[in-house]
K.L.:
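One structure follows; several queries about it will come next.
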There are 2 protein chains.
Amino acid sequence: MSLRHALLGLLSERPASGYDLLKTFETSLANVWPATQSQIYTELTKLAGSGLITVTAEGPRGRKEYALTDDGMTELRHWLTETRPQRNTRSDVLLRVFFLGVLRPEQARDYLSSLIEMSQEGYEQLRRLADSIDWDDDNLSVHGRIALEYGLRFNAMRREWAEWAAEQIK
Amino acid sequence: MSLRHALLGLLSERPASGYDLLKTFETSLANVWPATQSQIYTELTKLAGSGLITVTAEGPRGRKEYALTDDGMTELRHWLTETRPQRNTRSDVLLRVFFLGVLRPEQARDYLSSLIEMSQEGYEQLRRLADSIDWDDDNLSVHGRIALEYGLRFNAMRREWAEWAAEQIK
DNA sequence: GTTAGCATGTAACAAGTTACATGATTAG
DNA sequence: CTAATCATGTAACTTGTTACATGCTAAC
């Protein structure tokens, strides 16, 4: 149930509406925890119901601005310090690798080539993102930068692995 | 809907019962595409219903052995060659990184330390697994080895990243 | 005979996706 | 005035998890 905690986390930075949060999920959080509009609004209603967040302002077009409550902050800290992440690795990319044997070798190598390309593009996209942001010294910046670095290293690793793997298939 | 394709893929190696497949999911496929007993049996029934697999034998204790049909093999190849994997990266581990700013620096570093430990353990577990298997030249071995190499590189990358990240938090 | 492991099935629930539905406000 | 964007909500469906339920067979 991490969507809940993603929302609490974002609201710990500043109050925001469902729509604001949706935009954040579409941009900075998209690579880490994608969420849909319907999911976000539903979860916000639940969070408000259980008192972890509260409506602090109402604007035009029915806009509701939510803010974290003390209970919400406690829950966020609890999640960060007391619960262990589970490496739930479900990987579409890797699952296919197991079954490349049903293809002809050149088809299998095509698949790995597409992974190389995908990794390269992912790398470059993140590079551009890193360059386009002017990083401050605030929490969001420091930790956003760290997450981005992960993405860069991940894509570089995957690219090198796929190149190595293509050589293994004779 | 990759569970479907995972099952088709495993059945492309050899016919198997739900129970056999469950064991495979618990061991070799656990790191890549975990699946529960209930999911597997439900999906096998559906696959048999749509003609992608078929019951080839019945054994003691109601055991049903399934095999891939021609349609099933076609579907498997189609999945491998015509559909692109989506890097659906939903990562519990990384999501937390975004919000480490709500913790005290030493708590944040504790979290990164636990990631270092987790990565190290993951690496060693895979090393042991690699050593315990006697790799043949068959498809399963070649591609299983490639997937395992991914796991090794991934854990090494994550460990180095977490070490670097811990230094960034002052 | 009794325990471990083989073997399947289903129900209830939680989480995530897609699509539908509605309407207000602002900028050009 | 009209199109883009802001803004929320809900229904139907799919996928995944947890728990319950049942019974057979082989080995000791």
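We name chains A, B, ... by the order of the sequence lines, and we start the count at 1 in each one.
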K.L.:
Can you tell me the distance, in whole Å, between the CZ atom of A/R4 and the C1' atom of C/dA14?
P.N.:
12 Å

K.L.:
Rounded to the Å, how far apart are B/R63 CZ and C/dG5 C1'?
P.N.:
13 Å

K.L.:
Check the interface with nucleotides 23-25 of chain D: list each N/O to N/O pair with the protein under 3.5 Å, or write none.
P.N.:
residue, atom, partner, partner atom, Å
D/dT25, O4', B/R61, NH1, 3.4

K.L.:
Between A/G62 and A/K46, just flag the one whose closest nucleotide in DNA chain C comes earlier from the 5' side.
P.N.:
A/K46

K.L.:
If you compare every side-chain N and O of B/Y41 against the phosphate oxygens of C/dG9 (OP1, OP2), does one of them come in below 4.0 Å?
P.N.:
no

K.L.:
Taking the side chain of B/T36 as heavy atoms from C-beta outward, which of D/dG9, C/dT10, D/dT18 is closest to it?
P.N.:
D/dT18

K.L.:
Can you check the B/I40 CD1 to C/dT10 P distance for me, whole Å?
P.N.:
16 Å

K.L.:
Among C/dT10, C/dA15, D/dT8, find the nucleotide with the atom closest to the side chain of A/M1.
P.N.:
C/dA15

K.L.:
D/dT14 P sits how many Å from B/H5 NE2, rounded?
P.N.:
15 Å

K.L.:
What's the CD-P distance between B/E58 and C/dA7, to the nearest Å?
P.N.:
13 Å

K.L.:
Can you tell me the distance, in whole Å, between the CG atom of A/L95 and the P atom of D/dT15?
P.N.:
15 Å

K.L.:
Sorted by first residue and then second, give each side chain to side chain donor-acceptor pair (under 3.5 Å) pair with at least one member in residues 94-107 of chain B; sequence neighbours left out.
P.N.:
A/T83-B/R96, B/D92-B/R96, B/R104-B/E106

K.L.:
Is a donor from one side chain sitting under 3.5 angstrom from an acceptor on the other, for A/Q39 and A/E43?
P.N.:
no

K.L.:
I need the NZ-P distance between B/K64 and C/dA7, as an integer number of Å.
P.N.:
13 Å

K.L.:
Any idea which of D/dG16, D/dA19, C/dT17 is nearest the A/R90 side chain?
P.N.:
D/dG16

K.L.:
Is there a side-chain polar atom (N or O) of A/Q39 under 4.0 Å from OP1 or OP2 of C/dT17?
P.N.:
yes

K.L.:
To the nearest 0.5 Å, what is the distance between OG1 (A/T54) and NZ (A/K64)?
P.N.:
11.0 Å

K.L.:
By nearest atom, which of the nucleotides D/dT18, D/dA11, C/dG9 is closest to the B/S38 side chain?
P.N.:
D/dT18

K.L.:
Any ion pair linking A/R158 and A/E160 (charged N to carboxylate O, less than 4.0 Å)?
P.N.:
no

K.L.:
For B/A156, check side-chain contact (heavy atoms from CB on, under 4.5 Å) against everything at least two apart and list the hits.
P.N.:
B/Y123

K.L.:
Strictly distance-based, threshold 3.5 Å: is any side-chain N or O of B/R90 a donor or acceptor partner for the main-chain N or O of A/P34?
P.N.:
yes

K.L.:
Do A/Q120 and A/E124 have a side chain donor and acceptor closer than 3.5 Å?
P.N.:
yes

K.L.:
Rounded to whole angstroms, how far apart are CD on A/Q37 and C1' on C/dA15?
P.N.:
16 Å

K.L.:
Looking only at side-chain atoms of B/K23, point me to the closest of D/dG9, C/dC6, C/dT10.
P.N.:
C/dC6

